[in-house]
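The structure presented is a predicted model; accordingly, all values stated were derived computationally and were not measured. Values reported hereafter were calculated over all heavy atoms of this structure, with side chains retained and with hydrogens, waters and symmetry mates removed. Proteins get letters first, then strands, A, B, ... in listed order; numbering begins at 1 in each.
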Amino acid sequence: MAQADMLWRGLRGVALTLVVVFFLFPIFWIVLMSFETNETVLQVPPTLTPHLTLQNYVALLSGKLNTATGIINITFLHNLWNSVLLSTCSVLVALILGVPAAYAFARFRFRGGEDIAFTLLSFRFAPPLLVLLPLTLYFQDIGLSNTYVGLIWIYQLICLPLILWIVRGYFEDASPDIEYAYRVDGHSWWKAFTKIAIPLAGPGIAAAALLSFIFAWNNFVFALVLASADKQPVTVGALAFVTASGIQYGIIAAAIVLSILPTLALALYAQRWLVEGLSLGAVKG
Amino acid sequence: MNTAITKNGLHAQAIRTAFGKTTVLHDVSLAVAPGETLVLFGPSGSGKTVLLRAIAGLDPNATGHVTIAGRDVTTAGPEGRSIGVAFQNFALYPHMSARENIASPLRARKLPEREIDEKVSAIAKLLKIDHVLAQQPRALSNGQKQRTALARALVGSPKILLMDDPLRNVDAKLRYEMRMELPRLLRRANAAAVYVTQDYREAMALGDRIAVLIDGHIVQLDDPERVYAAPASVAVARLFGDPPLNLVPCRPTLANDGLHVSVFGLDLTLSMAGALAGREAMLGLRPDSIAIFADPQPGAVAATIAAVTPLHGKVVLLLRTQAGDEILASQVGRAPETGSTIWFRPETDTALLYDTETGLLAGEARTATEEAA
């Protein structure tokens with residue numbers, strides 16, 4: 001019995017290790033790569049005791065990369081700023097539009113309401129490429145291509161459905177009687193919305209905002225097609241390191257590590273709300 | 001009273017609500033004077049809460065007119081009606097302390113901080129929750145939540161007080177406590193109060209008048225004693241009273257000394273008018289007006305006791321005659337054993353007679369009428 005128990009535990013340990021290695025090894029490898037020179041990275045077989053260097057990070061942060069063919073200017077910090085700007089603004093716009101809409105869908109039954117809500121969700125079904133080509137043409141015509149406004153607008157395809165559907169569930173969870181009680185007390189409809197409905201849906205709004213921030217941050221294809229170099233976020237910016245003199249693996253790795261840091265920090269910070277917020281209905285006021 | 005109602009009370013006129021094609025309220029009207037408590041009594045789904053919401057202005061689909069203290073508020077939102085509402089599920093603000101919950105109606109009026117503080121403390125003391133004011137609703141017991149909700153409804157001294165079955169979600173002991181306390185609170189508030197309940201004892205204890213709402217119609221509006229003594233229809237009779245009224249099918253015949261009915265093999269004489277003579281009818285007998293004997297008596301029927309249930313110091317007996325008819329009787333004191341044989345005699349002085357076809361009250365024994373008068 002005890003032996004079988006030991007065996008079971010041992011097997012479980014092995015299985016767990018395998019899973020962890022499977023998922024975490026790529027991340028470990030990227031982090032390791034980011035501290036290696038391109039030569040070390042390309043070495044076959046890879047060395048297990050590489051010479052670690054900070055030169056990739058220095059290059060990214062200083063904006064100058066020395067290669068065999070000369071000095072390349074790197075706009076990484078600008079790309080990072082673009083990412084922050086695009087993601088933050090997109091989430092803000094999505095919150096301003098999505099939270100009242102979610103409230104409307106949750107509280108009022110109106111003609112075509114379900115259809116509209118479903119249509120918004122269906123933006124998430126369609127592959128982005130389906131809309132990208134016509135969008136590019138439109139945007140060129142109306143002068144929105146390669147503008148922050150245009151990108152933030154298109155990012156609503158990512159953020160708005162997410163916020164709408166998560167937050168709607170939260171509004172539906174809270175009893176309308178609580179808002180009614182507040183209005184009966186003599187407060188206006190707007191006050192009931194801002195002082196009661198929004199705080200009660202708070203965890204859901206936070207979770208939805210965080211999630212859509214991450215999705216917006218990680219978006220690649222919209223920015224690739226609709227923005228040129230000076231408006232590109234980090235996801236697209238890393239492409240610049242595929243240069244004429246070769247692919248700068250070390251630099252790409254360092255750029256990836258730097259670009260996941262903000263979302264990672266945000267996710268860790270907001271972990272509590274994220275978990276609470278996504279387990280719909282588990283948190284009742 | 002009518003002038004008082006138009007001046008300070010509540011007037012709801014021809015309130016109609018429909019959800020899709022289903023009409024929930026059929027032009028219901030009621031009037032409540034200041035200081036009066038009208039109990040809205042009815043089974044679940046009868047439209048009590050819907051009516052309350054219509055009066056509170058929470059139902060945009062409701063039609064009809066609502067006048068509060070002489071002011072037509074039909075088009076006003078809930079915030080413009082100066083009402084207090086106690087919701088069945090308490091509807092406390094989970095993210096605010098009990099104090100802030102209670103203060104909410106005062107804050108809406110932008111009263112100075114000191115006045116708010118005084119009023120909240122006073123009402124909290126009255127409701128014995130002054131020691132939990134700092135806590136959030138989730139830290140309160142059910143009874144405290146309920147008292148907080150009541151305090152919030154009362155604190156602004158509203159002209160109209162609407163209570164949607166506020167004792168539904170509290171345990172029996174608290175319900176009893178509050179049933180004792182509420183009349184005093186309501187008198188002090190001096191508001192025109194509408195109190196919704198499905199519990200006839202609560203209705204009897206709190207109502208100055210009772211409106212019985214069934215399927216969106218007010219089928220009876222009367223003093224509690226009258227509703228109890230003479231339910232206006234079979235449906236009301238079935239709801240009002242515990243144990244409920246016995247309804248025995250019969251076909252009355254008219255004779256010189258009054259109306260005769262033959263039930264349980266007995267020939268009973270009812271001292272009432274003979275409108276139903278020769279038609280299908282139901283004889284209504286209160287369980288407490290069934291006399292029980294241990295020995296055979298003249299005019300009594302033998303029956304076996306099929307079941308015994310103690311209820312509030314009484315025992316309720318389910319009796320079964322040899323013919324298989326069943327009747328409920330209640331008596332004070334020790335219960336005879338199940339299965340034993342006893343003799344019972346219906347007392348006709350409080351008997352009621354219902355028309356089977358319409359279900360409406362067609363006659364009541366004269367003594368019952370006199371008592372009520």
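At distances below 3.5 Å, not a single donor-acceptor pair connects side-chain atoms of H187(A) with backbone N or O atoms of P105(B).
To the nearest 0.5 angstrom, I102(B) atom CD1 is 11.0 Å from D185(A) atom CG.
Looking at H95(B) and I196(A), their side chains come closer than 4.5 Å, going by heavy atoms from C-beta outward. E79(B) places none of its side-chain heavy atoms less than 4.5 Å from the side chain of V184(A). You'll find the side chain of S104(B) reaches within 4.5 Å of the side chain of Y182(A), heavy atoms only.
Other residues, nucleotides and ligands contribute at most 12 non-hydrogen atoms within 6.0 Å of the OH atom of Y138(A). F125(A) CZ: more than 12 foreign heavy atoms inside a 6.0 Å radius. No more than 12 heavy atoms of other residues, nucleotides or ligands sit less than 6.0 Å from atom CZ of F23(A). Under a cut-off of 6.0 angstrom, the local environment of NZ in K195(A) is sparse, with at most 12 non-hydrogen atoms contributed by other residues, nucleotides or ligands.
If you measure heavy-atom distances from F87(B) to chain A, the contacts under 4.5 Å come from the side chain alone. Within the 4.5 angstrom heavy-atom criterion, no atom of L162(B) approaches chain A.
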**Request:** Verify side-chain contact (heavy atoms from CB on, under 4.5 Å) between E179(A) and Y93(B), making sure each step is shown before the conclusion.
**Result:** CA-CA 9 Å; E179(A) 285 158 51; Y93(B) 317 129; over 6 Å; no
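Closest approach of A91(B) and A181(A) over heavy atoms only: O-CB, 3.8 Å.
Residues D177(A) and R53(B) are paired through a salt bridge, judged by an N-O separation under 4.0 Å between the basic side chain and the carboxylate.
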